[in-house]
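Encoded as C-alpha cells, the structure appears first; notes follow it.
Excluded from the calculations below are hydrogen atoms, water molecules and symmetry mates; all remaining heavy atoms, backbone and side chain alike, are included.
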Amino acid sequence: MAVVVVRPEPGHAATIAALREARLEPRSLPLFAARAVEWTPPEPDTFDALLFTSAQGVRLAGSALDPLRHKPVIAVGPATAAAAREAGLSVVLTGTRDAASVVAQARTQGYTRLLHLAGRDRVETGAMTRIVYAADAVAVAPDAIAALAGQIVLLHSARAAARLAELVDQAGLPRAAISLVAISARTAAAAGPGWQAVVIATAPRDDAMVAAARALTGAAATGISGA
C-alpha cells in the first residue's frame with residue numbers, strides 16, 4: 001500500500017523523505033505548484049510581529065522580506081518555525097494547533113498587531129495580510145487518479161482535500177477505494193464523506209501524519225478499516 005503525497009514543493013520532498021525514513025512506500029502526485037507573488041511590505045512600525053502559517057510563506061517571501069527581518073516571528077507548526085530560523089528570522093512563538101489559536105496566544109504576549117505573510121488561498125486570521133505566494137493547480141491525468149485505489153493520500157490543506165475529492169469524482173473512482181490522512185479536522189471536512197478511512201493527525205505536523213499513515217497501513221494489513 002502506497003502513501004501518496006499531493007502537497008507542492010518544497011514540502012513535497014520533505015514528506016517523501018519522512019515516509020521513506022518510516023519505511024513506508026511513498027508516491028508522488030502533486031496537485032499544485034507553488035510560486036512567489038510580487039508584494040510590497042508595509043511600514044515596519046505598523047505591526048509588532050510577522051505571522052507565518054506555512055513554511056511556503058517564509059521560503060517564497062523573497063527580497064521584499066529584507067526590511068522586516070528584525071521583526072519577531074509567530075509561526076504555526078515546527079516546520080514553519082524551522083524554515084523561519086533557517087532564513088535567519090527570530091521565532092518568539094510556535095503554535096502547535098492552528099492559526100486562530102497561535103494568534104490568540106500571541107495577543108496574550110503583547111503581539112497584538114501581526115503581519116500575516118500568506119498564500120493566496122488561506123485561512124483568515126484577522127491580521128494585516130500580504131499575499132507572498134500562490135499555489136496553482138497542475139494537470140493530473142485520469143489514470144493517475146485511478147491508480148489511487150487502495151492507497152492512502154496525505155492531505156496537508158483543505159484546498160488539496162477539496163481538489164482531490166473533485167478529481168476522484170470526475171474520474172469515476174469510488175471514494176471508498178481511498179483512505180485519507182488529514183492534517184486537521186477542517187482539512188478532513190473539506191474532503192467530504194464516503195472515503196474508506198479518514199484519520200486526522202494528532203498534531204499539524206508531518207511526523208504526526210506519517211505516524212497516522214503507518215497506523216493505517218497496519219490496520220489494512222490486519223483487515224481493519226474505518227470511516
Side-chain angles (χ1 to χ4, degrees), residues 5-19 21 28 30 32-107 109-136 154 156-160 183-184 187 201 203-210:
V5 181
V6 299
R7 71 188 305 199
E9 291 291 8
H12 185 95
T15 302
I16 292 285
L19 289 167
E21 187 175 350
S28 175
F32 303 96
R35 61 179 176 84
V37 172
E38 186 176 348
W39 64 285
T40 301
E43 290 298 320
D45 61 0
T46 60
F47 62 95
D48 305 314
L50 298 168
L51 171 66
F52 288 105
T53 52
S54 78
Q56 295 280 34
V58 179
R59 293 169 177 143
L60 297 177
S63 60
L65 180 61
D66 291 345
L68 312 179
R69 288 184 176 277
H70 64 288
K71 288 289 188 177
V73 168
I74 312 298
V76 176
T80 304
R85 292 188 182 99
E86 289 170 9
L89 301 172
S90 176
V91 179
V92 295
L93 177 62
T94 302
T96 57
R97 293 176 56 198
D98 54 20
S101 62
V102 78
V103 167
Q105 190 177 356
R107 285 174 177 158
Q109 298 184 17
Y111 300 106
T112 57
R113 302 179 305 162
L114 302 179
L115 173 63
H116 184 192
L117 299 185
R120 182 166 291 158
D121 297 278
R122 66 198 182 280
V123 175
E124 293 298 335
T125 61
M128 183 193 316
T129 301
R130 291 291 186 274
I131 304 305
V132 302
Y133 75 94
D136 299 327
L154 302 188
H156 285 79
S157 71
R159 188 180 178 209
I183 198 168
S184 67
T187 297
R205 304 191 308 263
D206 243 17
D207 60 342
M209 296 184 74
V210 170

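Although no hydrogens or angles enter the test, the distance criterion places a donor-acceptor pair under 3.5 Å between the side chain of T129 and the main chain of A127. Put simply, the side chain of R130 gets close to the backbone of T40: a donor and an acceptor are under 3.5 Å apart. In this structure, R113 contributes its side chain and M128 its backbone to no donor-acceptor pair below 3.5 Å. Side-chain atoms of W39 come within 3.5 Å of backbone N or O of A61 as a donor-acceptor pair. Without hydrogens or angle criteria, Q56 side chain to E9 main chain gives a donor-acceptor distance under 3.5 Å. For K71 (side chain) and F47 (main-chain N/O), a donor-acceptor pair under 3.5 Å exists by modelled atom type. Panel note: side chain D48, backbone L114; no donor-acceptor pair is recorded below 3.5 Å.
Closest of all the heavy-atom pairs between A79 and A55 is O-CB, 4.2 Å. Of all the heavy atoms in A158 and T187, the pair that sits closest is N-OG1, 3.5 Å. In terms of heavy-atom proximity, G119 sits nearest to I131 at O-CD1, 3.5 Å. Scanning all heavy atoms of the two residues, the minimum distance from A75 to V91 falls at CB-CG1, 4.5 Å. Across all non-hydrogen atoms, the minimal contact from V76 to A99 is CG2-CA, 3.9 Å. Across all non-hydrogen atoms, the minimal contact from L50 to L68 is CD1-O, 3.8 Å.
Between the OG1 atom of T80 and the CZ atom of F52 there is a distance of 9.5 Å, given to the nearest 0.5 Å. Between atom OG of residue S90 and atom CZ of residue R85 there is a gap of 8.5 Å, rounded to the nearest 0.5 Å.
Side-chain contact between L89 and V73 is present, with heavy atoms from C-beta onward closer than 4.5 Å. At least one side-chain heavy atom of L51 sits under 4.5 Å from a side-chain heavy atom of T125. Side-chain contact between R35 and D136 is present, with heavy atoms from C-beta onward closer than 4.5 Å. Side-chain contact between S157 and I183 is absent, with no heavy-atom pair separated by less than 4.5 Å. For the pair V92/Y111, a side-chain contact is recorded, criterion being any heavy-atom separation below 4.5 Å from C-beta on. L115 is listed as a side-chain neighbour of P42, based on a closest heavy-atom distance under 4.5 Å. Side-chain contact between V102 and L93: present, with at least one pair of heavy atoms (C-beta onward) separated by less than 4.5 Å.
When the side chain to side chain contact (heavy atoms under 4.5 Å, CB included) test is applied to T15, the partners found at least two apart in sequence or on another chain are V5, R7, L19, L154, H156, D206. Applying the side-chain hydrogen bond (donor to acceptor under 3.5 Å, both in side chains) test to R159 and every residue at least two apart in sequence or in another chain returns D121.
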